[in-house]
Amino acid sequence: MSDRPSVVTRFAPSPTGYLHIGGARTALFNWLYARHTGGKFLIRVEDTDRERSTPAAVDAIFEGLDWLGLKSDAEPLFQFQQADRHRAAVQQLLDKGRAYRCWMSVEELDIERTKARAEGRAIRSVWRDKDAPANDKPFVVRFKGPLEGETVVEDLVKGPVRFQNKELDDLVLLRSDGAPTYNLAVVVDDHDMGVTHVIRGDDHLNNAARQTLIYQALDFAVPAFAHIPLIHGPDGAKLSKRHGAQAVGEFADMGYLPEAMRNYLARLGWGHGDDEIFSDAQAISWFDVADVGSAPARLDWAKLNHINSHYIRLADDHRLALLTSEAHERLGTALPADGLARLEAAIPLVKEGAATIPELANLTLFALKARPLAPDEKTQGLLTDETRERMQRLTENLAEAGSWAPADLEARLKDFAAQEGVGLGKFGPALRGILSGGSTAPDLASTLAAVGRDEALGRLQDALFKATKTL
RNA sequence: GGUCCCUUCGUCUAUCGGUUAGGACACUAGAUUUUCAAUCUAGGAAGAGGGGUUCGACUCCCCUAGGGACUACCA
């Protein structure tokens with residue numbers, strides 16, 4: 001009996017840049033499927049292109065996966081390190097007559113390519129059936145694909161996809177410098193890693209047919225394929241810089257929570273009835289690649305915001321305070337020494353109104369300002385003589401408050417309004433303006449309480465009594 | 001050009017031959033109101049087009065149109 005888990009999935013990014021949001025979703029689907037089936041989720045870095053692969057990109061990708069909470073069940077594999085194994089597989093193919101050396105020059109290839117294109121057929125090398133001449137010129141090794149018959153890719157998302165073998169060209173397995181190419185390496189590595197389900201982007205569907213042929217030539221079991229559609233921008237075009245963000249790091253910086261990202265990304269292209277908001281545990285128990293939609297989905301910022309605001313409400317206040325303080329630093333807000341404590345006091349009051357962390361930063365501004373607050377124009381306008389005098393009476397009233405608890409403050413404000421014979425609208429806005437310095441703030445009693453007795457009375461005094469008298 | 005994939009409200013989706021085509025986001029109107037929100041209620045909004053198959057098609061088949069991928073000694 002084998003102790004190998006029944007399902008093994010993998011995420012195989014090429015380290016040529018940051019972790020793209022589409023790639024993140026691919027990783028998420030692989031992860032979900034592995035978790036759902038009780039299998040394993042592996043990561044393989046496809047760095048066979050030495051020109052374009054960079055260590056910085058490797059770091060960026062792992063950082064992105066880490067942030068998203070997608071951990072590999074084994075040490076990540078670096079494809080380039082398997083090069084010897086890849087070359088051995090090519091030798092095997094050569095020995096079996098399923099591959100051949102090709103001495104076509106770049107120029108010759110160019111000519112053949114344009115010719116083949118004009119004739120609407122796949123390109124063929126003249127060396128496919130020619131004996132090797134005695135020479136030491138550089139050559140590549142190509143796969144010798146069948147010219148007849150068809151290859152069917154049984155795709156879990158798209159259904160069976162049929163390809164005529166004669167349409168598939170003889171792809172390069174080994175470059176002239178002896179380095180293996182992607183199409184060979186994926187097959188060998190996926191086999192060696194025991195991958196049973198290849199879940200990857202739509203853009204690989206055509207390759208799947210060629211790869212299937214290689215699997216067969218090598219006598220490897222062909223894994224199940226699932227080609228998931230790419231994510232498009234809100235306008236339906238391929239996601240690009242002008243859509244706001246592509247890298248998962250950018251989403252993090254924009255104040256989205258990883259759990260919100262997982263929920264949103266899972267919902268993009270996959271669904272479970274009418275469920276919109278669900279936990280990781282629910283996603284894992286419900287997810288099946290076969291249920292992934294076959295059409296590309298567009299990134300919808302409004303919905304992402306909605307889901308994120310849901311998770312912000314659920315999030316722990318201390319965690320939010322930390323994130324919000326980072327956001328404030330990025331925004332250039334001057335944080336007082338007790339900034340974190342002030343944030344933690346203010347966040348429960350405003351978190352329901354925030355869709356992202358920067359919004360939370362904006363909503364907590366009122367609590368962080370240092371005395372004396374610069375009065376904004378609107379508040380100045382509110383302070384007619386009548387209102388100013390009423391506010392002075394209110395300040396004196398508040399100064400006598402025995403309790404600074406929100407409920408008591410609330411009652412006190414109401415009593416004061418009654419005592420003055422006016423509605424809250426007569427002085428509420430002015431009180432708010434003075435307390436917040438013009439920033440938005442929660443309801444008045446909560447704001448008073450969050451700011452604290454001394455600070456609140458101080459702010460009132462600064463605004464109302466500066467030139468006249470002290471309290 | 002060739003091969004392949006895709007097509008339900010503005011967006012994400014449900015529907016797996018018989019539904020008043022459902023939900024969510026967004027939007028609109030109203031309620032609430034001490035700012036900004038949030039919240040509550042109500043409302044408008046969809047099967048790309050054309051042929052078939054069938055008693056009956058969003059659902060199955062074909063064609064067209066429109067998107068997209070691949071067509072590298074990139075992955």
Side-chain angles (χ1 to χ4, degrees), chain A residues 12-16 46-49 51-53 79 102 104 106 109 113 116-123 138-142 153 155 157-159 161-164 167-169 171-177 179-183 185-186 200-210 227 229-230 232 234 236-238 264 267-277 293-307 309 313 350-355 359 362-363 366 378-379 413 417 423-433 436 438-445 447:
Chain A
S14 66
T16 53
E46 310 240 304
D47 55 352
T48 50
D49 185 342
E51 303 281 308
R52 300 198 306 156
S53 300
Q79 191 159 58
C102 168
M104 278 178 99
V106 219
L109 254 176
R113 214 190 318 275
R117 192 183 174 111
E119 292 169 24
R121 58 170 175 83
I123 76 165
F139 61 87
V140 299
V141 177
R142 287 181 183 276
V153 175
D155 196 276
V157 170
K158 311 279 187 188
V161 183
R162 334 186 83 87
F163 294 86
Q164 292 305 309
E167 305 287 354
L168 305 173
D169 53 17
L171 38 80
V172 172
L173 267 20
L174 231 45
R175 300 184 177 90
S176 52
D177 64 357
T181 61
Y182 159 77
N183 279 295
V186 249
R200 66 208 330 181
D202 224 350
D203 48 336
H204 290 279
L205 183 54
N206 285 284
N207 286 327
R210 297 177 173 87
H227 290 94
L230 272 19
H232 286 174
K238 199 171 158 177
Y264 176 72
R267 195 66 190 75
L268 209 55
W270 173 79
H272 180 265
D274 286 340
D275 295 302
E276 297 289 344
I277 303 257
S294 51
R298 303 182 187 199
L299 186 67
D300 183 354
W301 292 97
K303 189 147 189 180
L304 209 208
N305 281 341
H306 176 256
I307 291 184
S309 71
R313 288 169 188 218
V350 299
K351 66 200 280 195
E352 299 216 342
E359 281 182 30
N362 185 47
L363 293 173
F366 79 93
K378 193 177 155 202
T379 307
L413 287 174
L424 259 177
K426 274 291 184 190
F427 62 91
L431 174 58
R432 172 184 308 284
S436 73
S439 301
T440 63
D443 78 80
L444 294 171
T447 301

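Below, all heavy atoms of this structure are taken into account, side chains as well, without hydrogens, waters or symmetry copies. Here is how names work: the chains are called A, B, and so on, in the same order as the sequence lines, proteins then strands, and each is numbered from 1.
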Whole-Å [atom1] distance, [N] and [M]:
| N | M | atom1 | answer |
| --- | --- | --- | --- |
| B/rC27 | B/rA37 | P | 11 Å |
| B/rA46 | B/rG22 | C1' | 12 Å |
| B/rU20 | B/rC5 | P | 35 Å |
| B/rC58 | B/rU54 | C1' | 15 Å |
| B/rU7 | B/rU11 | C1' | 15 Å |
| B/rA26 | B/rU33 | P | 24 Å |
| B/rU28 | B/rA45 | C1' | 11 Å |
| B/rU19 | B/rA57 | P | 11 Å |

Could you check which of [options] has an atom nearest any side-chain atom of [X]?
| X | options | value |
| --- | --- | --- |
| A/Ser294 | B/rC6, B/rC36, B/rC73 | B/rC6 |
| A/Arg52 | B/rG23, B/rC70, B/rA75 | B/rA75 |
| A/Arg313 | B/rU7, B/rU35, B/rU39 | B/rU39 |

Touch check for [X], heavy atoms < 4.0 angstrom, all strands: base, sugar-phosphate only, or nothing?
| X | result |
| --- | --- |
| A/Pro13 | nothing |
| A/Phe427 | nothing |
| A/Asn207 | base |
| A/Ser14 | sugar-phosphate |
| A/Ala302 | sugar-phosphate |
| A/Leu444 | base |
| A/Gly269 | sugar-phosphate |
| A/Asp49 | sugar-phosphate |

Rounded to whole angstroms, how far apart are [atom1] on [X] and [atom2] on [N]?
| X | N | atom1 | atom2 | answer |
| --- | --- | --- | --- | --- |
| A/Arg200 | B/rC70 | CZ | P | 13 Å |
| A/Trp301 | B/rC25 | CH2 | P | 19 Å |
| A/Ile307 | B/rA26 | CD1 | P | 11 Å |
| A/His306 | B/rG23 | NE2 | C1' | 12 Å |
| A/Leu174 | B/rA72 | CG | C1' | 16 Å |
| A/Lys303 | B/rC27 | NZ | C1' | 15 Å |
| A/Leu424 | B/rU35 | CG | P | 10 Å |
| A/Tyr264 | B/rU11 | OH | P | 12 Å |

Determine whether a donor-acceptor pair (N or O, by modelled atom type, separation under 3.5 Å) exists between the side chain of [X] and the backbone of [Y].
| X | Y | result |
| --- | --- | --- |
| A/Tyr264 | A/Asn305 | no |
| A/Arg142 | A/Leu173 | no |
| A/Arg298 | A/His232 | no |
| A/Thr447 | A/Pro442 | yes |

[N] pairs with, by Watson-Crick or G-U criteria that keep both distances under 3.5 Å:
| N | value |
| --- | --- |
| B/rC27 | B/rG43 |
| B/rC58 | none |
| B/rU20 | none |
| B/rU7 | B/rA65 |

| task | Examine B/rG2: is either OP1 or OP2 under 4.0 Å from a nitrogen or oxygen in the side chain of A/Arg113? Give yes or no. | result | no

| field | Residue-phosphate contact under 4.0 Å: A/Thr48 side-chain N/O, B/rA75 OP1/OP2 | value | yes

| message | Using 0.5 Å steps for rounding, measure from the CG atom of A/Asn183 to the CG atom of A/Asn207. | response | 4.5 Å

Test item: [X] and [Y] side chains (from C-beta on) under 4.5 Å apart, heavy atoms:
| X | Y | answer |
| --- | --- | --- |
| A/Leu444 | A/Leu413 | yes |
| A/Leu174 | A/Phe139 | no |
| A/Leu205 | A/Asp155 | yes |

| When you match A/Arg142 and A/Val161 each to their closest nucleotide on RNA chain B, which lands nearer the 5' end? | A/Val161

| query | Taking the nucleotide of RNA chain B with the closest heavy atom to each, which residue, A/Arg298 or A/Glu276, is nearer the 5' end? | reply | A/Arg298

| task | Dump the intermediate steps for salt bridge (charged side-chain N to carboxylate O under 4.0 Å, His left out) on A/Arg210 and A/Asp169, then the final yes or no. | result | CA-CA 8 Å; A/Arg210 297 177 173 87; A/Asp169 53 17; 3.1 Å; yes

| said: Can you say whether a donor on the side chain of A/Arg117 sits under 3.5 Å from an acceptor on the base of B/rG2, or the other way round? | reply: no

| said: Evaluate A/Val157 against A/His227 for side chain to side chain contact (heavy atoms under 4.5 Å, CB included), listing each step before the verdict. | reply: CA-CA 6 Å; A/Val157 170; A/His227 290 94; 5.7 Å; no

| remark: Going 5' to 3' through nucleotides 57-69 of chain B and flagging B where a protein heavy-atom sits under 4.0 Å of the base, S where only the sugar-phosphate is that close, and - otherwise, we get ------------B

